[in-house]
Each structure stands twice: as C-alpha cells, then as structure tokens.
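Chain letters run A, B, ... following the sequence lines, proteins first, then strands; residues in each count from 1.
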Number of protein chains: 2
Amino acid sequence: MKREQELLVNFLKQKGLKQTGQREKILEVFLANMKHVSADELHAIIRKSDPRIGFSTVYRTLRLLTEAGLAREVNFGDGRARFEKAFDKGQHGHLICTSCGKTEEFVVGAIDKAIKQVSSGVGFKPMGHRLEVYGLCKKCQ
Amino acid sequence: MKREQELLVNFLKQKGLKQTGQREKILEVFLANMKHVSADELHAIIRKSDPRIGFSTVYRTLRLLTEAGLAREVNFGDGRARFEKAFDKGQHGHLICTSCGKTEEFVVGAIDKAIKQVSSGVGFKPMGHRLEVYGLCKKCQ
DNA sequence: ACGTTACTGACATTGAATATCAAATTCAAG
DNA sequence: CTTGAATTTGATATTCAATGTCAGTAACGT
Ligand SMILES: [Mn+2]
Ligand SMILES: [Mn+2]
Ligand SMILES: [Zn+2]
Ligand SMILES: [Zn+2]
C-alpha cells in the first residue's frame, strides 16, 4: 500500500471517519494526476472510470485530503481553487502566464528564509505561505 | 490637485472616458481610507456621505483605478477581492493572521531579487507578484 | 444649446463554493 | 453473519461575490 494511502487510512481512523471506495478512488486518481487540478476537473477525470461518483464527494474529499496533509490548495487568480499534492512536497512558488495559463513551479530557499526573518521581527508565527508570480512565459512574450 | 487626481484625469482623457462626480468622489474616499478595502466596504463608506452612489459604480471605478495604476487588487484568502493604494507604493507582502484577520505589510528586497533570478532562469517575464504569509499574529498565538 | 457618447444605478445573471437531506453504506458489537 | 447507530453519498438547493444588462442621465466637443 502506498504511503499516501496509509496516511489517509490512519487519518480517517484517528478522526472516527469511515473508509469508503469513493475516498480510495479519489485519492488514487488525484495522485495519478500530477497537475494542479480543480474539484470540477478531478470529478470529470474520475467520472470516466466511475460515472457514479458525485461532484460533492470529490469536493469534500479534496478538503479532507487537504486536512490530512495529502493535498494543498492553490490559487492562480482565476477565481477557482485548485489542488496539488502536498505529501513529500514542500511549499513552492508558481510562475503563472497571464496569456496562456501555463504554470511552472519553483523553490528558492532565500524566500523562506526572508519570510522567517520578517515574521520573527514582528512576532508573527508563519504557518504557510503563497507566492505567485504573474507574467509572460517564454512562448507568450 | 493631488497627484493621484491628476493621474486619473489624464488616464480618463487618454482613454476617451469622462470625468464624473462619482469617480472623483470614489477616488477621494478610497485615498482617505488607507486600509485594504473591498468594493462592498468602500461602497458602504461612500454611502454615508452620498447615498445615491451605486455599488456598480464603485465596483467599476475600482477596476478603473486598478487599470490606471492607482489601485492594486489583493486577496487574503477569504474569497473576496480587496483593493489598496498602488500609487507611489511598490509591491509588498502581507502577513495575514488566520485567527483575527489582522494584516501587516512587509517589503524584502531579497524576495524581489529571487523572483527576478528564478524568472530569467526559465525565460519568464514577471509583471507582478503576490506573496501572502498565513499564520498567527502576536496576540493570537 | 445640441447631439453624440459614455456613465450611472437598479436589477438580473453567472458560477464556484457550500449547505441540505433522504437513501445508502460502513463497521463495531453481539 | 446480522443488526443498528453513525457516517457517507449524491442529487439538488442555496449562497454570495463578481459580472452583465439596459433604460435613463450626464459629460463634453462643437
Ligand atoms: Mn505547485
Ligand atoms: Mn498591502
Ligand atoms: Zn504563456
Ligand atoms: Zn491575530
């Protein structure tokens, strides 16, 4: 069993929640698609192999995965929440092309360091952050 | 006349748009309130001194001010757009308390530098960015 | 002053997020 | 295995901010 699946099972047990076929399936498809995906998109993908799974369940399960630390919500400024894998994957920034929508990830240690420094300077306790850079990708400029 | 007012007048002329009492008033109140304000909130404030101004006009004028470079849209993760002054005020990050909602601004040169570096590394042309740090303020932790 | 054009504000519409609830499913206890 | 309490599901309804519509109003060049 994959480590992500184990984590979910433990999370459910610990919370007194139930293990269901839908939750298994949704996690499986979510992990197999390594892009940033909205609840709608994920639902559309899952429907192909199991048309009986409802949008509500996909939506709720994405929240659940987020709570469990398996998913992370991201926002690219188009007014629609997207989710990405969070297990074994630290916070990172996104370069977002405002012309074609393409996104690219990046990690820079200097940024995390700067955030820590600024936070401690004012007594703020940082729990997470979001860094989006908007502009034009190579193709679009 | 304030420099912001002049900028708006020029912007309107250049675009073939009209100077109206509403636009003047909205800019004036927007500038007087130096917080991060939503269209709704700004409308509520303006209504006190002029109940005839409609929400639509406030909303559209905020977009206009954004286009003119007088306002900037910010988002604090509560699913509602807010606006802040952008004239003579560069991009900056925000520390956002997830408990009480308090926000604090900060500027760190290292971050802008890191963004430039990462961008040029992949041929991306950055136009603007958004950095939000979520956590607990001094009081709330 | 006039006519053209943009503006205004009340109202309607959209769309994503979230709430509701009856029927179905899980699962621990017996 | 059966039972029953508790959770889950999925269709549907609701919410709420953002945006669209449009007839009446106001700005401004001539
Ligand atoms: Mn990502
Ligand atoms: Mn700010
Ligand atoms: Zn592009
Ligand atoms: Zn606080």
Side-chain angles (χ1 to χ4, degrees), chain A residues 5 8-29 36-68 71-83 101, chain B residues 5 8-30 36-68 71 73-83 101:
Chain A
Q5 290 176 307
L8 180 58
V9 170
N10 290 337
F11 179 81
L12 293 175
K13 272 206 184 107
Q14 190 224 324
K15 285 266 183 180
L17 303 177
K18 289 171 179 169
Q19 223 176 319
T20 69
Q22 288 94 330
R23 283 173 176 164
E24 272 176 51
K25 178 82 182 183
I26 292 166
L27 174 59
E28 179 198 322
V29 177
H36 304 96
V37 74
S38 70
D40 247 346
E41 288 165 350
L42 188 58
H43 180 226
I45 296 169
I46 288 173
R47 256 178 182 283
K48 287 178 194 164
S49 57
D50 190 344
R52 279 175 304 178
I53 293 186
F55 168 78
S56 297
T57 303
V58 174
Y59 169 77
R60 284 182 298 227
T61 301
L62 278 172
R63 306 245 88 139
L64 200 68
L65 296 182
T66 301
E67 210 190 328
R72 185 187 295 121
E73 188 178 333
V74 293
N75 202 289
F76 294 162
D78 62 347
R80 125 183 281 199
R82 291 169 179 280
F83 296 84
Chain B
Q5 290 176 307
L8 179 59
V9 170
N10 289 338
F11 178 81
L12 293 174
K13 273 209 182 103
Q14 189 223 323
K15 286 263 182 179
L17 304 178
K18 288 172 181 171
Q19 221 176 321
T20 68
Q22 288 95 327
R23 285 172 175 166
E24 271 178 51
K25 179 81 181 184
I26 291 166
L27 174 60
E28 179 197 323
V29 177
F30 174 68
H36 303 97
V37 77
S38 70
D40 247 347
E41 288 167 349
L42 188 59
H43 179 227
I45 296 168
I46 288 172
R47 256 179 182 282
K48 287 177 193 165
S49 57
D50 189 343
R52 280 175 303 178
I53 292 187
F55 169 77
S56 296
T57 303
V58 174
Y59 170 77
R60 284 182 298 229
T61 302
L62 277 172
R63 305 245 89 136
L64 200 69
L65 295 182
T66 300
E67 210 190 326
E73 189 178 333
V74 293
N75 202 289
F76 293 162
D78 62 347
R80 124 182 284 197
R82 290 168 179 281
F83 296 84

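Nucleic acid contact for A:R52: sugar-phosphate only, since backbone atoms but no base atoms lie under 4.0 Å from a heavy atom of the residue. Using a 4.0 Å heavy-atom cutoff across all strands shown, B:R82 reaches no nucleic acid atom at all. Note on B:R23: only backbone sugar-phosphate atoms sit closer than 4.0 angstrom, heavy atoms only; bases stay farther off.
Not a single donor-acceptor pair under 3.5 Å links the side chain of B:E24 to the backbone N or O of B:G21. Looking only at distances, a side-chain donor or acceptor of B:R23 sits under 3.5 Å from a matching main-chain atom of B:K18. A donor-acceptor pair under 3.5 Å is formed between the side chain of A:T66 and the backbone N or O of A:L62.
Between atom CZ of residue A:R47 and atom CD1 of residue A:I53 there is a gap of 9.5 Å, rounded to the nearest 0.5 Å. Atom CZ of A:R60 sits about 10.0 Å away from atom CZ of A:F55, to the nearest 0.5 Å. For the atom pair CD1 (A:I26) and OH (A:Y59), the distance works out to 13.5 Å, reported to the nearest 0.5 Å. A distance of 6.0 Å separates CG of B:L12 from CG of B:L64, quoted to the nearest 0.5 Å.
At a non-hydrogen distance threshold of 4.0 Å, nothing from residues 37-51 of chain B comes into contact with DNA chain D.
The interatomic distance linking B:I53 (CD1) with D:dT25 (P) rounds to 17 Å, in whole Å. One can place CZ of B:R60 at 14 Å from P of D:dC22, the figure rounded to the nearest angstrom. Nucleotide D:dA17 holds its C1' atom 12 Å from the CG atom of B:N75, rounded to whole Å. The interatomic distance linking B:L12 (CG) with D:dA27 (P) rounds to 13 Å, in whole Å. As a whole-Å value, the separation of B:F83 CZ from D:dA17 P is 14 Å.
The span of DNA chain C lying next to chain A, judged by atoms under 4.0 Å from heavy atoms, is bounded 5' to 3' by C:dA16 to C:dC27.
With respect to the salt-bridge test (charged N to carboxylate O, under 4.0 angstrom), the residues A:R52 and A:D50 qualify.
Among the candidates A:H36, A:R82, A:R63, the single residue satisfying the side-chain contact (heavy atoms from CB on, under 4.5 Å) test with A:E73 is A:R63.
Positionally, the nearest nucleotide of DNA chain D for B:Y59 lies more toward the 5' end than for the other of B:Q19 and B:Y59. Comparing B:K18 and B:G54 against DNA chain C, the residue whose closest nucleotide sits nearer the 5' end is B:K18. A residue-by-residue look at A:T61 and B:K13 shows that A:T61 has its nearest nucleotide of DNA chain D further toward the 5' end.
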Legend entry - Full working for side-chain hydrogen bond (donor to acceptor under 3.5 Å, both in side chains) between B:T20 and B:K25: CA-CA 9 Å; B:T20 68; B:K25 179 81 181 184; over 6 Å; no
Inset, instruction - Decide side chain to side chain contact (heavy atoms under 4.5 Å, CB included) for B:T61 and B:Q22; before the verdict, give the C-alpha distance in whole Å, the side-chain angles of both, and the deciding distance to 0.1 Å. - result: CA-CA 9 Å; B:T61 302; B:Q22 288 95 327; 5.9 Å; no
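Contact between the side-chain N/O atoms of A:Q22 and the OP1/OP2 oxygens of D:dT9 is found at a separation under 4.0 Å. Contact annotation: A:S56 does not reach the phosphate of D:dA11 (side-chain N/O to OP1 or OP2, under 4.0 Å). Checking the phosphate oxygens (OP1, OP2) of D:dG10, a side-chain nitrogen or oxygen of A:T57 falls inside 4.0 Å.
In the helix from C:dA1-D:dT30 to C:dG30-D:dC1, the end axes, each obtained as the rotation axis mapping the C1' atoms of four pairs onto the next four within a five-pair block, lie 30° apart to the nearest 10 degrees.
Closest non-hydrogen pair, A:R80 versus A:S38, comes out as CZ-OG, 4.0 Å.
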